[in-house]
Enquirer: 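I'd like to ask some things about the structure below.
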Amino acid sequence: MNALGTAEKRERLADLAPDRLAELDAADEADDRTLPELPNVEDYDEVRLRVAPNPNGPWHLGHARMPAVIGRYRERYGGWMLCRFDDTDPETKRPDLDAYDAILGAIEYLGFSPDEVVKASDRVETYYDHARTLIDAGGAYTCSCPAEEFSLLKTEGTACPHREEDPETAHAEFDAMVAGEYDAGERVLRVRTDIDHKNPALRDWVAFRMVDTPHPREAAAEYRCWPMLDFQSGIDDHLFDVSHIVRGIDLQDSAKRQRYVYDYFDWAYPEVLHWGHVQVEAYDVAMSTSTIKAAVAVGDLNGWDDPRAPTIASLRRRGIRGEAIVEAMAGLGTSTSNVDLAMSSVYAANRELVDDEADRRFFVRDGVEKTLLGGPETAEPPLHPDLEDRGVREIPVGGAVRVEPDDVPPNGKRVWLKGLGPVRHTRNAFEFTGEDIEVVRDGDVDVVHWVPADDAVPLRLRTMDGEETGHAEPGVAACAADDVVQFERVGFARLDRVPDDGEAVAYFAHP
RNA sequence: GCUCGCUUGGUGUAGCCCGGCCAAUCAUAUCGGCCUUUCGAGCCGAUGACAGGGGUUCAAAUCCCCUAGCGAGCACCA
């Protein structure tokens, strides 16, 4: 049974036990259902979701949770998904112009494609329109209190003098804000909530403020009056008819703040779910955009796709499928407590995805050369031990082989060169002994991988822990960049560069 | 300080709303066995958890209270 592929197994099972097959299918579907149901789905015509990244840098692993979970929900409910770049801070969270496409590329790599993509910085006029309507509704006022002063008043639950201003004044001053007549810090537009609400976080929050620094996008470079996230995203969620908001616990109070605006407009607030932060063990580099940015800048990391970086780009270069990341992220569920993602769960998911397709190859690290006396001229190990149809690799043996130092048996002892046969270590050579495979089954002889001394392809394997050099079997020269292979007894790797001549480069994925 | 939230084995998760079928699910991990010309895959088995204390109840992982720990918000950041 083990020699059969999955499809063949299914076929045989269908003949032998159709009931059991149905059970397996049901189990498969259940696997896909690790996420809890979204609340009150039946109340909406369509499940409409959004991912709302801040394009202030490429993505680290933690960012994958958002598209992974939201994308899975879209698939489950046959819903709709928006990608909205919340790029309304040209200064402190200044957008990185390359990040917009990098993020869309990452989402695609994870296996999702948004139904629509928008940038908040293209929609500023819309936010102004709604601000004016809100002023008319008595829901907002302009305020020139210095931030620290207002903060003190707020803490004691006292209104500032501007709170009672009339809508005409508010309109005039807001128009002046839009016209750029104030500098940063001189005036804001506040939402009128409850100034003595028991939760200080909800009291009269800022909806618009002045920013002196021009937005990096040319199309938005002239704006000086920018909405805050809570205002912008609240308006957009309604305008795009979002049914379910899924976001981090840092935004736990956002819904409560935005409800005030929704109430002024008489809109219904979407369903909302929060999740905690994701930590990833196994990396030396902290998983934060700014830390990685700094490490790349000073050369501690060799770019965002350095295998030591906890980034999406890094996993991608290592040949890990986006789907494996999604699987692992979906497995974390949507609980509001902080979670640790074990890389082993990403690896386990990936192994399942790539094991069948990855051809087997030999790669000998830091090999020692041994003259080979006797034996066949060609070795023929299978390309895949479980899929015989795939055929064999024909490896010309030549007069000498390389093996890893740890695999050299003591003098006089034998070892089985995989796909070639048994050899005895004599003085400084390997002597072909020709026994049957029984010697391996008996347990006295270890099976090891090897490469011919001639024609082996020099290869550098980049791993999370550094680089390893060695030689791969000659057939690797015919592989292409992007091929995912399993170096037997070493692990899965993605070929990154296979030049006609000279050193090939591969990235280690996992055992 | 004020407010909100979280706490199930190494990791993650199910169960908690609507108490009993939970001596607690599944995955991953680790260990062992079988199989295998890989330290991969497959098969079998083992390991290991309801934060602590009170209360309600015939019955509590599930409801209530307290304590502890963790996290978040109280930004003219997202």
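Every heavy atom of this structure was used, including side-chain atoms; hydrogens, water molecules and symmetry mates were not. Bear in mind that the values here come from a model prediction, so they are computed numbers and not experimental data. To find a chain, count down the sequence lines: A is the first, B the second, and so on, and within it residues start at 1.
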Enquirer: Is it true that a side-chain atom of A:His130 and a backbone atom of A:Tyr127 form a donor plus acceptor pair closer than 3.5 Å?
Expert: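 Not at all, since once roles are kept as given, no pair shorter than 3.5 Å links the two residues.
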
Enquirer: Taking atom C1' in both B:A72 and B:A14, compute the distance separating them and give it to the nearest angstrom.
Expert: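 Comparing C1' positions in B:A72 and B:A14 gives a spacing of 26 Å.
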
Enquirer: Have a look at A:Val188 and say if it touches a base, only the backbone sugar-phosphate, or nothing, with a 4.0 Å heavy-atom cut-off.
Expert: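 Since a base atom lies under 4.0 Å of A:Val188, the category is base.
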
Enquirer: Test side-chain contact (heavy atoms from CB on, under 4.5 Å) on A:Val397 and A:Glu377 and set out the steps.
Expert: CA-CA 5 Å; A:Val397 180; A:Glu377 286 178 12; 5.9 Å; no

Enquirer: Taking the basic N atoms (NZ, or NE/NH1/NH2) and the acidic carboxylate oxygens, is any pair closer than 4.0 Å for A:Asp204 and A:Lys154?
Expert: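 Here A:Asp204 does not pair with A:Lys154 in a salt bridge, since their nearest N and O are not under 4.0 Å apart.
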
Enquirer: Which part of the nucleic acid, if any, lies within contact of A:Ala147, taking any heavy atom under 4.0 Å across all strands shown: a base, the sugar-phosphate backbone alone, or nothing?
Expert: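 Since a base atom lies under 4.0 Å of A:Ala147, the category is base.
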
Enquirer: Among B:G40, B:G73, B:G71, find the nucleotide with the atom closest to the side chain of A:Arg257.
Expert: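 Nucleotide nearest to A:Arg257's side chain: B:G73.
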
Enquirer: Counting any heavy atom closer than 4.0 Å, what does A:Cys145 reach on the DNA or RNA strands: base, sugar-phosphate only, or nothing?
Expert: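 Here A:Cys145 touches the bases of the nucleic acid.
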
Enquirer: Both distances below 3.5 Å, Watson-Crick or wobble geometry, any strand: find the nucleotide opposite B:U13.
Expert: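 The base-pairing partner of B:U13, which may sit in any strand shown, does not exist here.
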
Enquirer: How far does the C1' atom of B:G10 sit from the matching atom of B:U56, given to the nearest Å?
Expert: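 These two C1' atoms come out 36 Å apart once rounded.
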
Enquirer: For A:Thr155, report the nucleic acid contact type (base, sugar-phosphate, nothing); a contact means any heavy atom under 4.0 Å.
Expert: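 No contact.
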
Enquirer: Output the rounded distance in Å from CG (A:Leu251) to P (B:G71).
Expert: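 Taking atom P of B:G71 as the reference, CG of A:Leu251 is at 19 Å.
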
Enquirer: Taking 4.0 Å as the cut-off, does a side-chain nitrogen or oxygen of A:Arg187 come that near to OP1 or OP2 on B:C76?
Expert: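 Negative; the distance criterion is not met.
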
Enquirer: Is a donor-acceptor contact shorter than 3.5 angstrom present between the side chain of A:Asp250 and the base of B:G73?
Expert: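 Answer is no: no donor-acceptor pair is held.
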
Enquirer: Counting Watson-Crick and G-U wobble pairs only, both distances under 3.5 Å, name the nucleotide matched with B:C74, or none.
Expert: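 Partner of B:C74: B:G1.
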
Enquirer: Taking a pair as Watson-Crick or G-U wobble with both distances under 3.5 Å, which nucleotide is matched to B:G45?
Expert: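 Across all strands, the one nucleotide that pairs with B:G45 is B:C31.
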
Enquirer: Send over the distance from A:Asp204 CG to B:C74 P, rounded to a whole Å.
Expert: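 Taking CG of A:Asp204 and P of B:C74, I get 15 Å after rounding.
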
Enquirer: Starting at atom CZ of A:Arg351, determine the distance to atom C1' of B:A29, rounded to an integer number of angstrom.
Expert: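 Rounded to the whole Å, the gap is 11 Å.
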
Enquirer: Measuring only the C1' atom in each nucleotide, how far is B:C65 from B:A49? A whole number of Å is fine.
Expert: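 Between the two C1' atoms, the distance is 24 Å.
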
Enquirer: Go along nucleotides 3-12 of chain B 5' to 3' and tag each nucleotide: B for a protein heavy atom under 4.0 Å from its base, S when only backbone or sugar atoms are that close, - otherwise.
Expert: SSSS----SS

Enquirer: What's the closest nucleotide to the side chain of A:Asp355 if the choices are B:C77, B:U38, B:A41?
Expert: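 Closest of the options to the side chain of A:Asp355: B:A41.
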
Enquirer: When the P atoms of B:U47 and B:C4 are considered, how many whole Å apart are they?
Expert: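 The same atom, P, in both gives a distance of 44 Å.
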
Enquirer: With a distance cut-off below 6.0 Å to the six-membered ring centre and an angular limit of 45° from the axis, does A:Lys418 pair with A:Phe362 as a cation-pi contact?
Expert: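 Ring-cation test returns no.
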
Enquirer: Can you tell me the distance, in whole Å, between the CZ atom of A:Arg247 and the P atom of B:A78?
Expert: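 In whole Å, B:A78 P and A:Arg247 CZ are 13 Å from each other.
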
Enquirer: Just to confirm, is there a sub-4.0 Å distance from OP1 or OP2 of B:A78 to any side-chain nitrogen or oxygen of A:Ser233?
Expert: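 A:Ser233 to B:A78 OP1/OP2: no side-chain N or O under 4.0 Å.
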
Enquirer: Does any nucleotide pair with B:G40 by Watson-Crick or G-U wobble geometry, both distances under 3.5 Å, and what is it?
Expert: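 Paired with B:G40, as far as the under-3.5 Å criterion goes, is no nucleotide at all.
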
Enquirer: Using the six-membered ring wherever Trp is involved, compare the ring planes of A:Tyr128 and A:Phe208 and label them parallel, tilted or perpendicular (cut-offs 30° and 60°).
Expert: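 It falls in the tilted class, 30° to 60°.
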
Enquirer: Mind checking if A:Pro146 touches a base, just sugar-phosphate, or nothing, with heavy atoms under 4.0 Å?
Expert: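 Contact class for A:Pro146: base.
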
Enquirer: Does A:Asp444 pair with A:Lys413 as a salt bridge, N-O distance under 4.0 Å?
Expert: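 Judged by the 4.0 Å cut-off on N to carboxylate O distance, A:Asp444 and A:Lys413 do not form a salt bridge.
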
Enquirer: For atom P, what is the distance between B:A51 and B:U11, given to the nearest Å?
Expert: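 It works out to 13 Å between them.
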
Enquirer: Rounded off to whole Å, could you give me the CG-to-P distance for the A:Leu229 and B:A75 pair?
Expert: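 My rounded result for the distance is 15 Å.
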
Enquirer: Spell out, as yes or no, whether a donor-acceptor pair under 3.5 Å connects the side chain of A:Thr433 to the backbone of A:Pro422.
Expert: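 Yes, because the side chain of A:Thr433 sits within donor-acceptor range (under 3.5 Å) of the backbone of A:Pro422.
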
Enquirer: With a 4.0 Å cut-off on heavy atoms, is A:Phe492 in touch with a base, just the backbone sugar-phosphate, or nothing at all?
Expert: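 A:Phe492: backbone/sugar contact only, no base atoms under 4.0 Å.
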
Enquirer: How far does the P atom of B:U13 sit from the matching atom of B:C2, given to the nearest Å?
Expert: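 B:U13 and B:C2 have their P atoms separated by 30 Å.
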
Enquirer: Is there a donor N/O on one and an acceptor N/O on the other, under 3.5 Å, for the side chain of A:Arg360 and the base of B:U38?
Expert: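 Yes, a donor-acceptor pair under 3.5 Å.
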
Enquirer: Which base sits across from B:G69 as a Watson-Crick or G-U pair, both distances under 3.5 Å?
Expert: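 Partner of B:G69: B:C6.
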
Enquirer: Salt bridge check, A:Glu473 against A:Arg402: does any charged N sit closer than 4.0 Å to a carboxylate O?
Expert: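 No, this pair does not count.
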
Enquirer: Would you indicate which nucleotide in B:C76, B:C39, B:U38 comes nearest to any side-chain atom of A:Met228?
Expert: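 Taking heavy atoms from C-beta onward, the closest nucleotide is B:C76.
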
Enquirer: Could you tell me if A:Arg190 sits above the aromatic ring of A:Phe150, with its cationic atom closer than 6.0 Å to the ring centre and no more than 45 degrees from the axis?
Expert: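 Yes, A:Arg190 lies over the aromatic ring of A:Phe150.
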
Enquirer: Is there a Watson-Crick or G-U wobble partner for B:A23 with both distances under 3.5 Å, and if so, which one is it?
Expert: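 Pairing partner: none.
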
Enquirer: For nucleotides B:A29 and B:A23, find the distance between their C1' atoms and express it as a whole number of Å.
Expert: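 It comes out at 24 Å once rounded to the nearest Å.
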
Enquirer: Can you establish whether the number of heavy atoms outside A:Asp284 located under 6.0 Å from its atom CG is more than 12?
Expert: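 Result for CG/A:Asp284: open.
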
Enquirer: Check every strand shown and say whether A:Arg203 touches a base, only sugar-phosphate, or nothing at a heavy-atom separation below 4.0 Å.
Expert: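 Touches nothing.
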
Enquirer: With rounding to the closest Å, how many angstrom separate the C1' atoms on B:C6 and B:A61?
Expert: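 Approximately 15 Å lies between the C1' atom of B:C6 and that of B:A61.
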
Enquirer: Expressed in angstrom and rounded to an integer, what is the separation of A:Leu387 atom CG from B:U36 atom P?
Expert: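 Atom CG in A:Leu387 sits about 18 Å away from atom P in B:U36.
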
Enquirer: Tell me what A:Leu202 touches on the nucleic acid: a base, only sugar-phosphate, or nothing, going by heavy atoms under 4.0 Å.
Expert: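 Counting heavy atoms under 4.0 Å across all strands, no contact is made by A:Leu202.
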
Enquirer: How close or far is atom P of B:U37 from atom CD of A:Gln486, stated in whole angstroms?
Expert: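 For the pair A:Gln486 CD and B:U37 P, the rounded distance is 15 Å.
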
Enquirer: Angle class for the A:His238/A:Tyr262 ring planes (parallel below 30°, perpendicular above 60°, tilted otherwise)?
Expert: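 Plane angle over 60°, so perpendicular.
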
Enquirer: For A:Lys154 and B:A75, what is the distance between atoms NZ and P respectively, to the nearest whole Å?
Expert: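 Rounded to whole Å, this separation is 3 Å.
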
Enquirer: Of A:Ser151 and A:Asp87, whose closest RNA chain B nucleotide lies nearer the 5' terminus?
Expert: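 Mapping each residue to its closest nucleotide by heavy atoms, the 5'-most match is A:Ser151.
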
